Amino acid sequence: MRSSATRVTIVCSTIFVAAAVLSGFVVFRIAHHALERELDNRIGMEMNALISEYSREGEAELLRVFQNREHAAVASGMSYGLYAADGRRIAGDMPAKRPAEGWQSLVLPDRLGTVEEQRALAVDIAEGRRLVVASDNESIERVQSSLGIALGSEMLLMIVLAAGCAVGTGRYLRGRLGGMASAAEAIIAGDLGTRVPVSGRGDEFDSLAALLNAMLDRVASLLIRLEQISGDIAHDLRTPLTRLRHQFERALEEGPTEESLQDSLNQIDHLLNLFASMLRLAEIEGGQLRESFSPVDLGALVQDIGESYAPAMDDGGRFFSVHSERTPAIRGDRELLAQALINLLDNTQVHTPPGTRVYLSVHTTPTLIRLSVADNGPGVAPEHRSRITDRFARLETSRNRPGHGLGLSLVAAIAQIHGATLSFDDRKPGLVVRLDFAR
Amino acid sequence: MKILIAEDDQPTAARIAEVLGNEGHDTVIASTGTIALQDLMNGRFDIAILDRLLPELDGISLLRAIREAGVKTHVLMLTALGSITNRVEGLEAGADDYLTKPFAMVELIARVNAIQRRMLKDGEQTMLRAGGLVMNIIKRELHFEGRFVPLQPREFRLLEELIREKGQILTRSMLLQRVWGFNFEPQTNLVETHLSRLRSKLFLAGAAEVIKTVRGSGYRLQIED
């Protein structure tokens, strides 16, 4: 496995080490320049001291100072020279040739005896008298080598630390992730009860672990629901199929009649309708229909459905009233929303007796648009309300009434795809179903 | 009319051919997409009944190919894929109508006849007449033998469709599609409830039973001109 953590750490460390090396070089250069300037200062100060000695005490005194200085030269590393106008060296242990005026490099032995180029200053202190002061680089070199060693070891330390960090981070991450990986492997192998360990540190890994566990909970509940649904489907399909079988059995015994064949055809249509609804439900729940949403006027829709449904309500002996008002447009699928409303109205037909009042309305508030279908019929007991939108959920009392038990599941799916909330409440008496759309 | 049936299931194709033959149409069966493509490019078919899932070349690709080639044959697509997105895809590819399998033969016949009807009509009519009924499409008004008959908007639309397809059967699903724009079947028979209202109003206006229910198929306007 190629560890991203190690790679990232290596990249980071390389950047830091490179920056450190770069700054090290800069420090080195700055120090070098500073030391050189310092050296020049020393030479300059020494020159000034000698010049004032010369002006006060004269040349003999100057030469005496030379001698004193030369004895101390072993420690100070400085060299002196006095030259006449004709180029002759008068005093000092400098080379015979008279140096030019000003700052320059002279080849001289340093305090250890090594001959090298040294910084020197030559000044004409009087007519025909040139004074030269030089200093070796010993001090500079000493400081530079200390600095070099310090910086060098620092670099090395950094490289080692960086490598160590890289390896360490890689190991740590592998360890934390390892727990998740083995939980995942157990789940793949089939143990769905496994959950990813949470360390309690509350860090990113724990957040991820919590999310994965939530996902696993959802998967588990979906699987349970799937089992339930399979059971429900089997039950709901068996009845019409059994009926169909009996019809054919009878037709074989007694001979087919147009009525019985038509009956069988109706049973088959009922089953096909069931499958079509299941397909539609699955398609809606898939969510892709959102891509073809367009503006829908809910107020106009309610009015339209109300008008379309009025005759049916009338025929069923129920009292129907519709309240519609102007509503802002929402994004959705008009046909799906029509289907949802129609399903809710169909439901009132099935679950309420003739004489019931049914009320279809739309209201706007500052935050939402509310569609409601209300009735003053028997209502739904609270303990059943949570299962009401489950696929194929039927109150046992209505198992044999027309319809296929998917009507409310469809309404729930349509609500969800539109981002609307579906709710059921007791009207005491009766039921009110609400679909709330955000504005 | 000359109809091409592109369907790889032999019994289904034969049955469709038989039924359409009884209605007086000439039929040709193509069992793969490539054969169907050749036939449509060369022959002059009025209508093609295309199965969406054909061997060698699927219905949608075939449809796109012929539309691109400028073939104007009307297409009724058949498919077991009944989802909304599939339906829209088929219509967008150039189908005139889309039927989900399994379907009732009467449904197929009714739709084929509707397509035929559409082909024979020339231009949009603003006034529709049948017997003593006169519909002003622009003003949305119905008159029977000179007298105004008030109708609800949906009732008007229902009668309009029936008059346009005078004498032909319109199935419940066709009416739901045309008048309500619904591609699903509500449990409550909206078509029936509206038709009964419409019928009462026509009866009160003096028009004898002109809207006939054909059991197991649909509805038809029957009136003497």
Side-chain angles (χ1 to χ4, degrees), chain A residues 258 261-262 265-266 268-273 275-284 286-292 301 303-316 333-350 401-404 406-407 410 414 417, chain B residues 79-92 98-107 140 150-158 171-173 175-201 213-218:
Chain A
E258 189 178 319
L261 286 175
Q262 187 60 54
L265 214 55
N266 291 344
I268 293 177
D269 281 342
H270 172 77
L271 283 167
L272 288 171
N273 228 337
F275 284 120
S277 297
M278 279 169 60
L279 202 75
R280 199 159 167 106
L281 185 57
E283 194 183 4
I284 295 171
Q288 262 173 319
L289 290 169
R290 269 198 211 107
E291 284 162 33
S292 47
L301 180 67
Q303 188 143 14
D304 193 17
I305 301 293
E307 268 171 27
S308 296
Y309 220 90
M313 279 289 176
D314 216 28
D315 288 349
D333 183 316
R334 193 184 183 280
E335 194 181 331
L336 288 180
L337 290 168
Q339 187 170 11
L341 284 177
I342 287 179
N343 280 7
L344 290 175
L345 290 169
D346 280 346
N347 253 36
T348 60
Q349 300 250 57
V350 174
R401 294 210 220 161
H404 46 58
L406 282 180
L410 277 162
I414 293 170
I417 199 185
Chain B
T79 179
L81 301 173
S83 73
I84 301 167
T85 21
N86 285 319
R87 196 174 178 284
V88 169
E89 209 187 339
L91 293 172
E92 277 177 2
Y98 200 89
L99 250 194
T100 329
K101 286 186 194 173
F103 52 84
M105 278 302 160
V106 285
E107 191 75 49
R140 318 299 292 169
L151 290 180
Q152 294 279 39
R154 283 267 148 68
E155 291 164 357
F156 187 90
R157 282 286 294 124
L158 268 174
T171 64
R172 187 171 66 213
S173 71
L175 288 171
L176 275 169
Q177 273 172 357
R178 293 176 185 210
V179 177
W180 278 274
F182 290 164
N183 290 303
F184 64 93
E185 300 247 352
Q187 234 162 273
T188 312
N189 196 338
L190 291 179
V191 173
E192 191 57 56
T193 53
H194 279 79
L195 273 179
S196 72
R197 295 286 184 295
L198 180 58
R199 278 172 169 142
S200 329
K201 289 187 183 177
T213 303
V214 180
R215 263 204 63 164
S217 306

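Reckoned from all heavy atoms, side chains included, excluding hydrogens, waters and symmetry mates. Letters A, B, ... mirror the listed sequences (proteins, then strands); counts begin at 1. As the structure is a prediction and not an experimental result, all values here were calculated from the model.
At a 4.5 Å heavy-atom cutoff, the contact between A/Gln339 and chain B is made by backbone and side-chain atoms alike. Interface remark: B/Ile84 contributes backbone and side-chain atoms alike to the contact with chain A (heavy atom separation under 4.5 Å). Of the atoms belonging to A/Ile268, not a single heavy atom falls under 4.5 Å from chain B. Neither the backbone nor the side chain of A/Asp333 comes within contact range of chain B; no heavy atoms are under 4.5 Å apart. Contact annotation for A/Leu336: only side-chain heavy atoms (C-beta onward) come within less than 4.5 Å of a heavy atom of chain B.
Residue B/Leu190 holds its CG atom at 7.5 Å from CD1 of A/Ile305, rounded to the nearest 0.5 Å. How far CG of A/Asp315 is from CZ of B/Arg197: 4.5 Å, rounded to the nearest 0.5 Å. In this structure, CZ on B/Phe184 lies 11.5 Å from CG on A/Asn273, to the nearest 0.5 angstrom.
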Could you check B/Arg215 against A/Gln262 for side chain to side chain contact (heavy atoms under 4.5 Å, CB included), going step by step and ending with a plain yes or no?
CA-CA 10 Å; B/Arg215 263 204 63 164; A/Gln262 187 60 54; 3.6 Å; yes
Would A/Val350 and B/Gln187 count as a side chain to side chain contact (heavy atoms under 4.5 Å, CB included) here? Give the steps.
CA-CA 10 Å; A/Val350 174; B/Gln187 234 162 273; 4.1 Å; yes
Walk me through it: do A/Ile342 and B/Phe182 pass the test side chain to side chain contact (heavy atoms under 4.5 Å, CB included)?
CA-CA 11 Å; A/Ile342 287 179; B/Phe182 290 164; 3.3 Å; yes
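When every heavy atom of A/Glu335 is checked against every heavy atom of B/Asn183, the shortest pair comes out as OE2-N, 2.5 Å. Closest of all the heavy-atom pairs between A/Asp346 and B/Pro186 is OD2-C, 4.1 Å. Taking each heavy atom of B/Thr188 and A/Ala312 in turn, the nearest pair found is CG2-CB, 3.4 Å. Shortest non-hydrogen contact noted between A/Ser308 and B/Trp180 is OG-NE1, 2.6 Å.
No donor-acceptor pair closer than 3.5 Å links the side chain of B/Arg154 to the backbone N or O of A/Glu307.
With A/Pro311 as the fixed residue, the side-chain contact (heavy atoms from CB on, under 4.5 Å) test singles out one of B/Gln152, B/His194, B/Glu192, B/Glu155: B/His194.
Remark: the B/Thr85 side chain and the A/Gln288 side chain contain no N/O donor-acceptor pair separated by less than 3.5 Å.
Residues B/Val88 and A/Ser292 fail the side-chain proximity criterion, which asks for heavy atoms closer than 4.5 Å.
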